[in-house]
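Whatever order the structure lists ligands and atoms in, that order sets their numbers, starting from 1. Heavy-atom basis, side chains included; hydrogens, waters and symmetry copies ignored.
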Amino acid sequence: MELLHCTALKKVYGKGEAAVCALDGIDLTVPRGEFLAVVGASGSGKSTLLHLLAGVDKPTAGQVCIDGVDVGTLNPTQAALFRRRKVGLVYQFFNLIPTLSVEKNIALPLLLDKRTPDPAFLEELLRTLGLTEKRRALPGQLSGGQQQRVAIARALCARPALLLADEPTGNLDRKNSAEILDLLTLCHRNWGQTILLVTHDDTLAAQADRVITLSDGRIVSDRPRG
Ligand code: ADP
Ligand code: MG
């Protein structure tokens, strides 16, 4: 069963002489439960693709369907709700609230949505991501790798259909990067989490079920793990 489907996706930034075509006709289907890596040189359109899939930005042309919803037909309020409930986002920078504990940071998106985390799942998340002992710590008391684990837990707390991660290890050293990848793999295995991971690191991408390569806004290769 497919979770994500996009057709003829195109994104042009700016107008006239200054126009930049960041995505030039992307067709992509992601089955539920897949761990997909997206690689490609800087400027090839990886972040743009993630933003269009998350509904953070609108395509110039083409269509995105996630979990049966045509994202392009949503009004801004519906789009914000959709993002909050269906999609989890992780970035290179962790963007944690420095004055809130680990636990509160993780629960925050749900609390803002006037919901509370499922207590059992919160415990499972903390345990899986090795954060149980750190639950009352502040972000400033954690290492970079630990902060990124908090950001991943925050993204997963609402049990999103799709986890989108944009270079989540871009700010970490090799050891911590490998650890984050292992944890993403664990979330994929334990909960069947569908993951779309953008990375420029081929070693990390090789852990995914499938790797697509972008170049100048097009998919130039699409292959299962070899
Ligand atoms: P990647 O994440 O692979 O490095 P991006 O999706 O960030 O690539 O960028 C793809 C292209 O679109 C690049 O040429 C970039 O300069 C351009 N671009 C990205 N965001 C914007 C924007 N907000 N305004 C204008 N051009 C942009
Ligand atoms: Mg990028």
Side-chain angles (χ1 to χ4, degrees), residues 4-30 34-66 71-72 74 76 79-80 82-83 86-96 144-145 147-149 151-152 154-155 160 162-174 176-178 180-181 183-184 194-223 225:
L4 182 157
H5 184 72
C6 68
T7 35
L9 205 57
K10 189 168 173 159
K11 179 68 183 179
V12 180
Y13 292 109
K15 286 200 163 67
E17 299 244 311
V20 176
C21 183
L23 288 182
D24 191 14
I26 300 287
D27 297 304
L28 179 66
T29 299
V30 180
E34 186 169 67
F35 184 178
L36 174 72
V38 179
V39 300
S42 178
S44 58
K46 305 182 298 295
S47 295
T48 300
L49 177 62
L50 244 62
H51 286 148
L52 296 186
L53 298 181
V56 174
D57 202 359
K58 282 202 178 294
T60 308
Q63 203 187 26
V64 178
C65 272
I66 295 176
V71 181
L74 304 177
F82 173 84
R83 245 187 343 263
K86 290 286 180 188
V87 181
L89 277 163
V90 179
Y91 292 100
Q92 178 172 353
F93 299 101
F94 325 124
N95 303 315
L96 302 175
Q147 290 186 51
Q148 189 59 300
R149 288 193 249 148
I152 292 169
R154 177 183 57 189
L162 177 64
L163 181 70
L164 298 171
D166 195 353
E167 313 244 14
T169 64
N171 205 27
L172 299 175
D173 63 20
R174 197 141 267 291
N176 276 294
S177 297
I180 289 294
L181 241 288
L183 288 170
L184 288 176
T194 311
I195 301 176
L196 200 155
L197 165 76
V198 166
T199 177
H200 57 257
D201 186 329
D202 289 340
T203 323
L204 299 182
Q207 278 192 51
D209 298 327
R210 173 182 164 205
V211 183
I212 64 170
T213 308
L214 289 188
S215 175
D216 292 331
R218 291 166 190 259
I219 295 176
V220 292
S221 129
D222 185 340
R223 57 190 161 79
R225 175 169 47 189

Asks: Please name all residues satisfying side-chain contact (heavy atoms from CB on, under 4.5 Å) with S215, sequence neighbours left out, ordered by chain then number.
Replies: V220
Asks: Strictly by modelled atom types, are Y13 and T48 linked by a side-chain donor-acceptor pair under 3.5 Å?
Replies: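 Note: Y13 and T48 side chains meet the donor-acceptor criterion.
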Asks: Please report the interatomic distance CG(L52) to CD(Q63), rounded to the nearest 0.5 Å.
Replies: 13.0 Å
Asks: Please list, by chain and number, the protein residues whose heavy atoms come under 4.0 Å of ligand 1.
Replies: Y13, V20, A22, A41, S42, G43, S44, G45, K46, S47, T48
Asks: Please identify each residue that fulfils side-chain contact (heavy atoms from CB on, under 4.5 Å) with D201, with sequence neighbours left out.
Replies: R174, T199, T203, L204
Asks: Counting neighbours of NZ on K86 that are heavy atoms of other residues, nucleotides or ligands and sit closer than 6.0 Å, is the number greater than 12?
Replies: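 Count not over threshold, so no.
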Asks: Is it true that D166 and K46 make a salt bridge, defined as a side-chain N closer than 4.0 Å to a carboxylate O?
Replies: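 No, this pair does not count.
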Asks: Sort out for me which residue in L9, L28, I26 forms a side chain to side chain contact (heavy atoms under 4.5 Å, CB included) with V64.
Replies: L9
Asks: Hey, which protein N/O/S atoms does the Mg ion (ligand 2) have under 2.8 Å?
Replies: S47 OG
Asks: Walk me through whether L89 and V56 qualify under side chain to side chain contact (heavy atoms under 4.5 Å, CB included).
Replies: CA-CA 10 Å; L89 277 163; V56 174; 4.2 Å; yes
Asks: Is it the case that the side chain of D209 and the backbone of F35 share a donor-acceptor pair, with hydrogens and angles ignored and the cut-off at 3.5 Å?
Replies: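 Such a contact is found between D209 side chain and F35 backbone.
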